[in-house]
Protein chains: 2
Amino acid sequence: MNNTRFATAIHIMTLLAKSPDEWLSSDWIAGSININPVMVRKEIGILREAGLVESRKGKDGGCQLSRSAQAIFLSEIFSAVKTAELLGRKNQQPNPKCNIGKDINQRLNSLFNETDHIVSQFLGMKSLADFSAQFT
Amino acid sequence: MNNTRFATAIHIMTLLAKSPDEWLSSDWIAGSININPVMVRKEIGILREAGLVESRKGKDGGCQLSRSAQAIFLSEIFSAVKTAELLGRKNQQPNPKCNIGKDINQRLNSLFNETDHIVSQFLGMKSLADFSAQFT
DNA sequence: ACAAATGTAATAAATTATGTTACATTTATA
DNA sequence: TATAAATGTAACATAATTTATTACATTTGT
């Protein structure tokens, strides 16, 4: 997760939360984040698959929240864009002839999963409405 | 943090914890993790700067814990190798003319810092002794 | 018919992460 | 004191990931 995907996703979602009745275009959103519109559309695609937004094609198309910002939690946004464990990757082939190497990845798995779970719980306490209420 | 540094560091520290009276060589450690010895020495350098290990040069040189595994916490290992925030990076130049873009990074900072703190607390509950006790 | 938008594939560029080579230096000991 | 075996580290190379860009088929309102 050494990327900007969560930051981008939460930025998008905040913009949508602030304009609940409008269909925002990827170009407009990209202008706020200052990244490429295609990147925005890709991320919106992920958020749509996760059921968090819906989008409309064609002229006057754009993107909207699929439900109230009060009913969306940061954990859901995170979960949608999360691709790796927070504590990082494991080494691929630790030595099976070593007592540590043999089991290390299984133990790291537990530790890494517990960590992800804790963070998820934390983010689950914050709604998108809470987060976006911080902005004017 | 989309790298193997924490996994590598904790592997090194577990090996050292399991042989508290020996000076393990980077070659031997590298053989257990199955990575390059130079990578091991680099990571040991970081752990040494953090005061977690000490090393000895020359023939019969190697590396040892600088104190008991009971007095070393996973949070310290994590903190030593951590270079970025867990939730990822922020976009570099969000639009200052946008009410969201103007403040987003400050808000993300809070959220990201809180998250790091929670994880750090969690890892602070686990000693290296606890972790390495899981291995035979 | 046209304009303006999405969706997506393909490719390029930039940044990070990992691996490797080389070698100066340190230290035990034959 | 010469040798062997280790660390520390710089410099460079390779691999992998992340971000940006181009192109275009398709959708939809007017």
Side-chain angles (χ1 to χ4, degrees), chain A residues 1-9 11-12 15-16 19 22-31 33-50 52-64 66 81-94, chain B residues 1-9 11-12 15-16 19 22-31 33-50 52-64 66 81-94:
Chain A
M1 289 291 295
N2 195 15
N3 58 37
T4 57
R5 293 191 53 198
F6 184 55
T8 297
H11 192 142
I12 293 170
L15 292 170
L16 298 180
S19 300
E22 297 178 62
W23 294 88
L24 302 185
S25 76
S26 60
D27 258 51
W28 193 87
I29 294 172
I33 309 178
N34 205 357
I35 61 173
N36 194 289
V38 177
M39 299 297 287
V40 172
R41 292 202 286 277
K42 283 179 187 166
E43 210 58 77
I44 284 175
I46 301 294
L47 296 168
R48 186 175 53 247
E49 283 174 35
L52 298 174
V53 305
E54 52 193 50
S55 47
R56 194 169 66 174
K57 295 179 184 176
K59 187 167 182 181
D60 297 342
C63 182
Q64 253 188 2
S66 66
V81 303
K82 177 178 187 299
T83 55
E85 289 165 310
L86 289 172
L87 294 180
R89 296 208 291 248
K90 303 175 194 73
N91 287 289
Q92 295 193 318
Q93 302 185 317
Chain B
M1 288 290 296
N2 195 15
N3 57 38
T4 58
R5 292 193 53 199
F6 185 55
T8 297
H11 192 143
I12 293 169
L15 292 171
L16 299 180
S19 301
E22 297 178 63
W23 294 89
L24 302 185
S25 76
S26 60
D27 257 52
W28 192 86
I29 294 171
I33 308 177
N34 207 356
I35 61 173
N36 194 289
V38 177
M39 299 298 286
V40 172
R41 293 202 286 277
K42 283 178 187 168
E43 210 59 76
I44 283 174
I46 301 293
L47 295 167
R48 187 174 53 246
E49 284 174 34
L52 299 173
V53 306
E54 53 193 50
S55 46
R56 195 168 67 172
K57 297 179 182 175
K59 186 165 181 182
D60 297 342
C63 182
Q64 254 189 0
S66 65
V81 303
K82 176 180 188 297
T83 56
E85 289 165 310
L86 288 172
L87 294 181
R89 296 207 292 249
K90 302 175 196 75
N91 287 289
Q92 295 194 317
Q93 303 184 318

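Here is how names work: the chains are called A, B, and so on, in the same order as the sequence lines, proteins then strands, and each is numbered from 1.
- When rounded to the nearest whole Å, the span between NZ of K57(A) and C1' of dA3(C) equals 17 Å.
- With values rounded to the nearest 0.5 angstrom, R56(B) atom CZ is found 12.0 Å from S25(B) atom OG.
- Along DNA chain C, the nucleotide nearest to R5(B) and the one nearest to G62(A) differ in position, and the one closer to the 5' end is contacted by G62(A).
- As rounded to whole Å, 13 Å separates atom C1' of dT18(C) from atom CD1 of I33(B).
- For the pair W23(A) CH2 and dG29(D) C1', the computed distance is 14 Å after rounding to whole Å.
- The CD atom of E85(A) sits 12.0 Å away from the CZ atom of F6(B) when rounded to the nearest 0.5 Å.
- Where D27(B) and G58(A) meet DNA chain D, the nucleotide closest to each residue was compared, and D27(B) sits on the side nearer the 5' end.
- In this structure, E54(A) places its CD atom where more than 12 heavy-atom neighbours from other residues, nucleotides or ligands lie under 6.0 Å away.
- With contacts defined as side-chain heavy-atom distances shorter than 4.5 Å, the pair I33(A)/M39(A) does not qualify.
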Please list, for nucleotides 10-13 of chain C, all pairs of protein and nucleotide N/O atoms separated by less than 3.5 Å.
none

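- Contact annotation: the side chain of L16(A) never approaches that of Q64(A) to less than 4.5 Å [non-hydrogen atoms, C-beta and beyond].
- A distance of 11.5 Å separates OG1 in T4(A) from NZ in K90(B), rounded to the nearest 0.5 Å.
- We find the CD1-CD distance between I35(A) and Q92(B) to be 12.0 Å, quoted to the nearest 0.5 Å.
- Using a 4.0 Å heavy-atom distance criterion, N36(B) is classed as a base contact.
- The line from OG1 of T8(B) to CZ of R89(A) is 10.5 Å long, rounded to the nearest 0.5 Å.
- Listed pair S25(A) / dA4(C) fails the phosphate criterion, with no side-chain N or O lying under 4.0 Å from OP1 or OP2.
- Rounded to whole angstrom, the span from the CD atom of E22(A) across to the C1' atom of dA5(C) amounts to 16 Å.
- The R48(A) side chain lies nearest to dG7(C) when the options are dG8(D), dT20(C), dG7(C).
- Regarding R41(B), its CZ atom lies at a distance of 12 Å from the C1' atom of dA10(D), rounded to whole Å.
- Residues from residues 87-94 of chain B that place a heavy atom under 4.0 Å from any atom of DNA chain C, listed by number: R89(B).
- Between E43(B) atom CD and dG19(C) atom P the separation is 12 Å, expressed in whole Å.
- Side-chain contact between I44(B) and I12(B) is present, with heavy atoms from C-beta onward closer than 4.5 Å.
- Taking only side-chain atoms of N2(B), from C-beta outward, the nucleotide of dT17(D), dT18(C), dT19(D) with the closest atom is dT17(D).
- With rounding to the nearest 0.5 Å, the separation of CD1 in I46(A) from NZ in K82(A) is 14.5 Å.
- Regarding I44(B), its CD1 atom lies at a distance of 7 Å from the P atom of dG8(D), rounded to whole Å.
- Note: CZ (R56(B)) to P (dT27(C)) measures 10 Å, nearest angstrom.
- Side-chain N/O atoms of T4(B) include one lying less than 4.0 angstrom from OP1 or OP2 on dT18(C).
- OP1 or OP2 of dT7(D) sits under 4.0 Å from a side-chain N or O of S26(B).
- Each of dT18(D), dT7(D), dT28(D) was ranked by its minimum atom distance to the side chain of K59(A); first place goes to dT28(D).
- When the nucleotides dT29(C), dG7(C), dA17(C) are ranked by their closest atom to the side chain of D60(B), dT29(C) comes out on top.
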